[in-house]
Structure formats: structure tokens, C-alpha cells
2 protein chains.
Amino acid sequence: MQTIRVETPSAKYDVVAGSGLVETLAPRIERAVGKLPRRVFVLTSAPIWALWGHNLQRSFQDEPTVLFLPPGEGHKTLASVEKILRQMAVAGGDRGSLLIAFGGGIVGDVGGFVASVFMRGIPYVQVPTTFLAQVDSSVGGKTGVNLPEGKNLVGAFHHPRAVFADIAVLGTLPDRELRSGLMESVKAGIVRDRTLVRFMEQHVNDVLSRDPKALEKVIASSIRMKAGVVNQDERENGLRMILNLGHTVGHALEQATGYKTLLHGEAVGWGMVAALFLAKQRGTISSHQCERLESLVHLYGPLPPLKLRVGKVAAATGGDKKNVGGVRRFVLPVGIGDAGVVEDVTPAELEAAVSYMLARAGEKTAGQQVSELAS
Amino acid sequence: MQTIRVETPSAKYDVVAGSGLVETLAPRIERAVGKLPRRVFVLTSAPIWALWGHNLQRSFQDEPTVLFLPPGEGHKTLASVEKILRQMAVAGGDRGSLLIAFGGGIVGDVGGFVASVFMRGIPYVQVPTTFLAQVDSSVGGKTGVNLPEGKNLVGAFHHPRAVFADIAVLGTLPDRELRSGLMESVKAGIVRDRTLVRFMEQHVNDVLSRDPKALEKVIASSIRMKAGVVNQDERENGLRMILNLGHTVGHALEQATGYKTLLHGEAVGWGMVAALFLAKQRGTISSHQCERLESLVHLYGPLPPLKLRVGKVAAATGGDKKNVGGVRRFVLPVGIGDAGVVEDVTPAELEAAVSYMLARAGEKTAGQQVSELAS
């Protein structure tokens, strides 16, 4: 078990990564936030609750009130938020109530946002159940939902009081989701932690076969990297931008495919391939480093093939939320274990990088289709 | 013109009260927040915009994007928030955009909440156009909307970058709204400022006839009182509670009348009458002080008559948002110019206070109906 401390100007809390956290949750929460309040809410999804709900309830003397969010990005909406808020009001929730977000990234994002606005803010705890949510979305205080106009356009910075990343829960995670989540760990290594890059290169089989020790190592390192960055730049004014390696093109791919065929990590994986190419062209990484890092991405793939036009993907990069005043920002790796942000990527450079990525994504089509990868 | 500084752990900004602020807004905002961003949004209501929109636009080189919120509490909803957020996304709003909330308390509450959640938070400026919004809701960072289950159950603490309370705009405010707003100034005096109590006793006619100097004095004193309290207790953990004098019963009256017949200040006015009675019974104010303060409430009335059952009002006090873990909190004046919070008001005490208030509110029916007071 490993404990990582998050310390920002507005919040201090622990992220615990290890096995067996879900069935010992109540005393762990009490250690983090003090006595449990009269009303504890659990926001979860029906599939997760069916698999792990019994384990979670075990350590609670008074049964928490369970609220369900239907699975899928399509429910990450203000309408879902309103429904949950109303259920909490009807159930007698007050300013002292606590919310536990028990599920993947969507449950975490929606749950955190609900907690941030219910009666102008109540405390909450993250218990992420996917690899992606454990290493990424449950740390850093970003919460929110989508609008028809774009992803995560509505939200708040609202830190949890504690995060419990239970590795045992990953046992029921579909393989494709695990691989997708691992892209964020690959990203963590590339931008900030060359030791993690080496570990992931050397332990591919251990990690993919879900060896608990290997998973704990990768998860804890990824969280430590993110916590370190968030500690220095809570509101994404500078350093925190580097967490978006692969995300400018990744978001464009998600948008261009209607958020249907690609998992987030898969889109980020392809986005990193584009960013690596761009970095090599600019000379912030060598050809050798580029090859090594792209190989790492593919080791934890396979990434789904893509059939998209360059122009469509390039145009979609314009709508990214990180763009203030119309500037297109790119995170580029600098060697292995460091990264920087550039704002002057020309349309020609962007198209070259996207072309390279799409060519690589086309090669992959031999014998593989996205549908076959779906679990 | 008077400038009051708000300084909390999370925000520092100025509240400016005076005449002629609306037509000189752009340079004033630039002085407060720096260069105006590419995209400036104005959230307002159609009636206010028809009266004052031209004045507001005058000082802007690039026309701001105007968004409308239909008038009335019925539009203070998450649905309205979503509609506005979508309009902002479509219009190309980004993280650097600025929102100006130009209207009464509802526009301010909704606008502040929209600003707090659009792309996880953008800066905003309050330009309140009602007396109530100028002295109360535009200062303190409370933003939010209603749920069908209760008022202000959803929201955020999000401070404006500046507040401009233009007294000239009050020239078009209906008389009933002015009187209602003045109840918050009466409250301000009772809980924190005996000088304001005396001024309001001695200048009833000046204030009600909207003499600019008298209005500026009352508004600035009220804001100064609130700012002083908010500076010490941003999140309403302790001292800020005293701002709720009259609000426990006031909210109950609003709820019992379906938020239809009473303006907020009128409900608070009657709530103060109940609180004054309770304080007299408990001995925190003398009979003489009680009489003097109740007279002040009525000087700035007339408060609408009420026809309600004691039990209904008493029961409705249970649903107040300030109640954590089922405790019913009451703010009671202590002498003139101070107040405290009690949590041990018995059902019998509550009923006695509500009975007294309803008896006073019944006497008032002679020759007066709520409908006649409506403007």
C-alpha cells in the first residue's frame, strides 16, 4: 500500500493505492475526514455496484444512500447532475453530508461536480474503479460534465477529501479499458518520470497480466507524478498543462469520431504519437527517443485503427478548452521525463504530425477492427 | 462615491457605490481586472436592458455579447444555467472570457453561478440594479439556483472581481422593491451598525424619496457591514450566520406562500419581527429596544399582510439550508448593533414568536392587500 500526499493552496489530502480498500472504507474515511455524517451518499453505476457494492457496504454501520448514474458518456450531463441533486435533497442531504464517488471517470467527474454544487459544496471522497480514474481523473480536483457543444465545458475545481484506489477492483476491469488507462501512465512517464518509462518497458507482461505489485508500482508512480504537478499548479495556469500531452490531438480524435469508437486513453495514445512526431521535427527529442517512446505506446496498445481525413482532425484541434483567446497549445516532450508547452505550431506542422499518426493508424488495420477490440 | 474593500482568504475586490457607474463601466472594469478579453458576456433581463442597456454599451469599444434571463424566480433553474452556458460555448467563450451580471438578485445569482462553472470558472463582475442586490446578494460570493425541492440548493462560492452599485439605476426601481430591499439594510443596522439604525430612523423620507446622498449612505453602510462579516467568515461557518437575522422565519414564509406573494425583503422583514419577539422573550434585547427596532421595520414597510397558520410556518422553518444535521438555527439581536446564533429554540418558543408575528401581520390587513402593493 502506498500513500501519496496532495498539497495545493486550496486542499490537502491523501491518495491511497493498494488492495482491499473498498471493504475497509468506512474507518478509512473516518480517519481522513472525521466522524461520518448522518447522511452518506454513494454515487455509482449499476454494473460496479452489482460487482462490488456488497464489499463497500460491509464496513458501514449505517447503510449509505445509493444513487445510480447510468453508464456512458451520454449521461455525463447537467440533466444527470440535476436528477442526482434532487434525489439528495429529497433524501435529506444537508451541508454536512458526504458523497462517495464509486466508479470510473464519469462517476468521479459527475460525483465531484455534484458535491461541489450541492448546497454550495459538500465534502466528497473518490473511490475510482477503473485504471484511468485511479491514475488520472480522481486526482487533481477537476470535476464536470459535458455540453452538446463540447466535453467538460461545465465544471468546478473541487478536491476530494481522500482518494482510495483499490487495485483489487481492477480485477473485473475489461482488458481494453486497462490498456486504455495505461496510456495515461505512459504519458506520466514521458512528461515527468523516466524511471516509470523504464519500468513499463521492462514489465509489460507483469502489468498487462495484472500482477498486483506491478500495478501498484505503475499506479502509485502515475499518481505521484500527477500530484506533484497539481501541487505546483492547481489551476492549470502553467505547469499543469504538461499533463495534456497527447490531449490536443486526442480530444480532436474523440470529437471527430463522435466520442463513440475510441476510449479516452486510446485517443490520447494516438495523440501522443502525433505529439512525439512533432517533438522530433522540432528537435526536442531525438529520433531514437521518439522511436523508443512510440514503441512504448504500442506495447500497451493495441490502439484501434483510425480512418479519418487529416483536415477533419486538424480542424477539430481548434475547439480544445485549453485554448485561451484562440491560441492552439501543444505539449511536447523534451527528452524523456520532461515536457514543455508551445503555442506556435503552424498549420503545416500540425498536418504533418496528424498525417504521420493517421498513416501509423492505417497500418494497424491489417486484421484488426475497433469492433473486435471492444470487450 | 464610496469604495468598500472585500478581503477574504480566497478573493480581494472592491465594491463601488455611487452614481453614473453603468455608463463608465468598461474603463472601470479594466482598472479592476486588466485589459478586457476578446469575449465579454453580459447576462441581463430584458426589462433592465431596455432601460439601461444603451448606457452600459456606451463605454465598450467592442460590443459585448448580450444574454437574456427571463425575469422571475421561476427561471432561477439549472435549465436556465444550461441554456446560458450553451449560448456562451456557441459564441466562442473561452477560459479567458468575462461575464458581467447586470440585473437584480436573480441575474446576479445565476450569472455568478454560470461564471463559476463555465469551463470550471471564469471571472465575472456584478452590476446590481436593485437595492436588494446592491446591498446584499452582489457581495459575498454566494451564487446559485433553485431546485424544485428548495431555494438555492445548488450553487458555488465564487467571488466577483468587482461590484459596481450604481445608484442612478435605482431611479427606475418600483417602490415596493426599494422598500423590500431596505429590509436588508434594517437588518444590517440591527446586527452590526447602530449608527445605521439611527440614520435610518432619522432619514426615512430622504431614503424613501431616493435622495442620492441618503441612498449612498445607506447602501455603502450596508455593504460595509456585509463585507466586514464576509471578510471574517467567508464560508458561513460562524459569524456570517448573523447575516441571516430574520431569514429562518423569512424563508419559511416564502416557502409557505409558494414564493409568489412576498418579495424576499418583505419575508425577511416579517422574519425579523418574529426574531425580535424571540430575542425579547430571551432577554437579549429589552422591551424598549424591541419596540424601537420593530418600529424601524414598519417605517420602511408597509409589509404585506399575511394569512397563514402558525403550524404551517413553524413546520416550514425545518427545511432551511443553514440547518446541519437537523438543528434549527436562529439569529437573535443582542442589544442594538450586535447579534448571536442560538440552536436551542424550543417548538413552544418558535410558535409564540410566529404567533406574535402573524397577529401583527393580521392587524395590517385593514385596508391593505398584497395585490395593491404590487407594482
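Just so we're on the same page: letters track the sequence lines, and every chain starts at 1.
- With a 4.5 Å cut-off on non-hydrogen atoms, B/E149 touches chain A through its side chain but not through its backbone.
- Here B/A156 is the residue among B/A89, B/S10, B/A156 with the most heavy-atom pairs under 4.5 Å with chain A.
- Taking CD from A/E82 and OG1 from B/T77, the interatomic distance works out to 7.0 Å, rounded to the nearest 0.5 Å.
- Between chain B and the residues A/G92, A/P148, A/G150, the largest count of heavy-atom pairs under 4.5 Å involves A/P148.
- Within the 4.5 Å cutoff, side-chain heavy atoms of B/R120 are placed close to those of A/N152.
- With a 6.0 Å radius and a threshold of 12 heavy atoms from other residues, nucleotides or ligands, B/R240 has its CZ atom above the threshold.
- The closest side-chain heavy-atom distance from A/L147 to B/L85 is below 4.5 Å.
- Atom CG of A/L78 sits about 10.5 Å away from atom CZ of B/R86, to the nearest 0.5 Å.
- Of the two parts of A/T143, only the backbone, made up of N, CA, C and O, holds a non-hydrogen atom closer than 4.5 Å to a non-hydrogen atom of chain B.
- The local environment of NZ in A/K312 is sparse, with at most 12 non-hydrogen atoms from other residues, nucleotides or ligands closer than 6.0 Å.
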